[in-house]
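Shown next, in structure tokens, is the structure this report addresses.
Per chain, numbering begins at 1; letters A, B, ... match sequence-line order.
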There are 2 protein chains.
Amino acid sequence: MRTGYQDIKADILDKIRQNLWPPGAYLPGEIELAQSYGCARATVNRAMRDLVDDGVLERKRKAGTRVKAVASQNARFAIPLVREEIEATGATYRYALVERQTRAAPGWLRARVQLDADTQVLELRCMHFADNQPFQLEDRWINLDTIPDARHQSFEAISPNEWLVREVPFSKADLSFAAINATPEMSDFLGAAPQDAVFMAERSTWMDHRNVTHARLYFHRGYRMMAQF
Amino acid sequence: MRTGYQDIKADILDKIRQNLWPPGAYLPGEIELAQSYGCARATVNRAMRDLVDDGVLERKRKAGTRVKAVASQNARFAIPLVREEIEATGATYRYALVERQTRAAPGWLRARVQLDADTQVLELRCMHFADNQPFQLEDRWINLDTIPDARHQSFEAISPNEWLVREVPFSKADLSFAAINATPEMSDFLGAAPQDAVFMAERSTWMDHRNVTHARLYFHRGYRMMAQF
DNA sequence: TAGTGGTCTAGACCACCCC
DNA sequence: GGGTGGTCTAGACCACTAA
């Protein structure tokens, strides 16, 4: 059997685990490794690039490849549509629009995502239910300068989340997560007790350096976000 | 200038944004694209594999390549050592061991990470400070069957986090995040008010299918975890 | 400036899996 | 069965950067 890039990855990881190549140590160059594995340089290259992607190795031209001194590995997680997240558990999804208004962008939002003073936004509040239990409360602001079409969307049948995914197929986003205490209003919507700890995700979405939308997602009591690496 | 794989990625993303290739649509095959870009098939292949990795495309042999119907993109975030996270902000890091004992693994932990009934664990409680302000409270259980050397480590000068990174250079991990209300004990350690919302990260680390350690990390009030995609 | 990784090519064989 | 993507090769040139 031939030596593939996955075999090489596994072998490198083995050597790291066995402390043959401790953190910070330099690995042999690609050419040398290719010879010892009996394969082409490109195959070694692919294996090592993969390991950089996984956060295991560091590479610099001329300097060489070394085991990352601190194994600050990269975790990945998928960000699905709320609907898909709910349906994946086998529960029935229901969406409801709570509030909708067009207004000038509030100051905190203008500062957060760098909007002009006169930018109009569509402000939405929605609820997402799983088997009729509150799952997520969504506060969202859509930049009407960037997405003027949103002005004519009622968002009564389709959630802004899904609509935007269709309208803006690809974009960049910043994400952050935090724990906050429920306000009385949030408690009402989420069926939580006053002061309950709420998991919040905040997301800004961008397209070509222009802000598309900003959202604050408040999850039901006990929600857990999972990731792996 | 030659057409590189990054140019091809950019071009594909452009076409998706312009809705020339809407979600669910099939792209031309690699050979056809290679001809139209005037480059080798391997170059197109690399670009498209990258986009699969980014969560933009889906590929199946024989079927072809299509734009992911739902853009459930992959977010990535790095998980650094607490010390590095703190020092990156310019603050001074301080570590303190609060408690240390060897005991049989508690039932919830045995169930969580599949341990035998008689497994011994080293139970640790530590504090991490940023400029002498409480930053993180860490509850940790180290599996002594897997990592017997931990038994002889005092963990008074070095945090289990850093020690384990050195001892177990590479491993797999599960991660989850949640918001919880502070217990009185947590409030004491973190300087939080009773019932304050606390951001919690829980992590299990594995090596060759054997559990290495389990940790619960409680962050200071107002902590935000950031990610991008 | 010399050595290392980054990328590309043209061709090849193969595994998978939809039709 | 046949078309698609997955992978590998042997060679080449290039870009970056540490020494």
Side-chain angles (χ1 to χ4, degrees), chain A residues 1-16 20-69 71-72 74 76, chain B residues 1-16 20-69 71-72 74 76:
Chain A
M1 175 195 145
R2 210 144 107 215
T3 308
Y5 80 97
Q6 312 205 48
D7 303 313
I8 297 177
K9 276 183 70 170
D11 185 70
I12 292 175
L13 287 173
D14 270 347
K15 289 203 167 64
I16 293 175
L20 296 179
W21 292 331
Y26 278 97
L27 273 59
E30 294 190 348
I31 298 173
E32 191 178 336
L33 281 178
Q35 283 168 349
S36 69
Y37 285 120
C39 69
R41 188 189 145 215
T43 307
V44 174
N45 180 276
R46 167 128 190 229
M48 292 175 108
R49 267 194 295 105
D50 260 32
L51 289 171
V52 170
D53 212 46
D54 296 340
V56 176
L57 299 179
E58 284 176 325
R59 320 192 77 187
K60 264 188 220 157
R61 282 161 156 128
K62 166 76 178 175
T65 301
R66 61 195 314 185
V67 182
K68 246 195 175 177
S72 77
N74 295 324
R76 320 187 56 139
Chain B
M1 175 195 146
R2 210 146 102 212
T3 308
Y5 80 97
Q6 311 206 48
D7 303 313
I8 297 178
K9 277 183 69 171
D11 185 69
I12 292 176
L13 288 174
D14 271 347
K15 289 202 166 66
I16 293 175
L20 296 179
W21 293 332
Y26 278 96
L27 275 60
E30 295 190 345
I31 299 174
E32 192 178 335
L33 280 177
Q35 283 168 351
S36 71
Y37 285 122
C39 67
R41 188 189 144 215
T43 307
V44 174
N45 181 276
R46 167 129 192 227
M48 292 176 106
R49 268 194 295 107
D50 260 33
L51 289 171
V52 170
D53 211 47
D54 296 340
V56 176
L57 299 179
E58 283 176 324
R59 321 192 76 187
K60 265 188 218 155
R61 284 163 156 122
K62 168 73 180 176
T65 302
R66 61 195 314 185
V67 182
K68 248 196 172 176
S72 77
N74 294 326
R76 318 188 59 141

Just to verify, what does [X] make a side chain to side chain donor-acceptor pair (under 3.5 Å) with, not counting sequence neighbours?
| X | answer |
| --- | --- |
| B/D11 | B/K15, B/Y37 |
| A/R49 | A/N45 |
| A/R59 | A/E30, A/T65 |

### Task
Could you list by number each residue of residues 42-52 of chain B showing a heavy-atom separation from DNA chain C of less than 4.0 Å, or answer none if no residue does?
B/A42, B/T43, B/R46

### Query
Going by number, which of residues 26-40 of chain A have a non-hydrogen atom under 4.0 Å from DNA chain C?
A/G29, A/E30

### Query
End-to-end bend of the helix from C/dT1-D/dA18 to C/dC18-D/dG1 (five-pair axes, 10° rounding)?
20°

If I compare all heavy atoms of [X] with all of [Y], which pair ends up nearest, and what's the gap?
| X | Y | value |
| --- | --- | --- |
| B/G55 | B/K68 | O-CD, 3.3 Å |
| A/A47 | A/K9 | O-CG, 3.7 Å |
| A/R66 | A/G24 | NH2-O, 3.0 Å |

Sequence neighbours left out, what passes side-chain contact (heavy atoms from CB on, under 4.5 Å) with [X]? Give chain and number order.
| X | result |
| --- | --- |
| A/K60 | A/A63 |
| B/K62 | none |
| A/A25 | A/P22 |
| B/Q35 | B/I31 |

Quick check on [N]: is either OP1 or OP2 less than 4.0 Å from any side-chain nitrogen or oxygen of [X]?
| X | N | value |
| --- | --- | --- |
| A/Y5 | D/dT7 | yes |
| B/T65 | D/dT4 | no |
| B/R59 | D/dT4 | no |

### Query
A/I12 and A/M48: side-chain contact (heavy atoms from CB on, under 4.5 Å), yes or no, with the steps?
CA-CA 9 Å; A/I12 292 175; A/M48 292 175 108; 4.2 Å; yes

### Query
Looking across every strand, which nucleic acid part, if any, lies under 4.0 Å from A/Q6 by heavy atom: base, sugar-phosphate, or nothing?
sugar-phosphate

Protein-nucleotide distance ([X], atom [atom1]; [N], atom [atom2]), rounded to Å:
| X | N | atom1 | atom2 | result |
| --- | --- | --- | --- | --- |
| B/K9 | C/dT7 | NZ | P | 10 Å |
| B/E58 | D/dG5 | CD | C1' | 14 Å |
| A/R66 | C/dT4 | CZ | P | 15 Å |

Collect all protein-nucleotide pairs involving nucleotides 13-18 of chain D in which both atoms are nitrogen or oxygen and the distance is under 3.5 Å.
from: D/dA15; atom 1: N3; to: A/R61; atom 2: NE; distance (Å): 3.2

### Message
Applying side-chain contact (heavy atoms from CB on, under 4.5 Å) to B/I8 and B/C39, what does each step give before you reach the verdict?
### Response
CA-CA 10 Å; B/I8 297 178; B/C39 67; 3.7 Å; yes

#### Entry: Candidate pair B/L13 and B/V56, rule side-chain contact (heavy atoms from CB on, under 4.5 Å), full reasoning
CA-CA 9 Å; B/L13 288 174; B/V56 176; 4.0 Å; yes

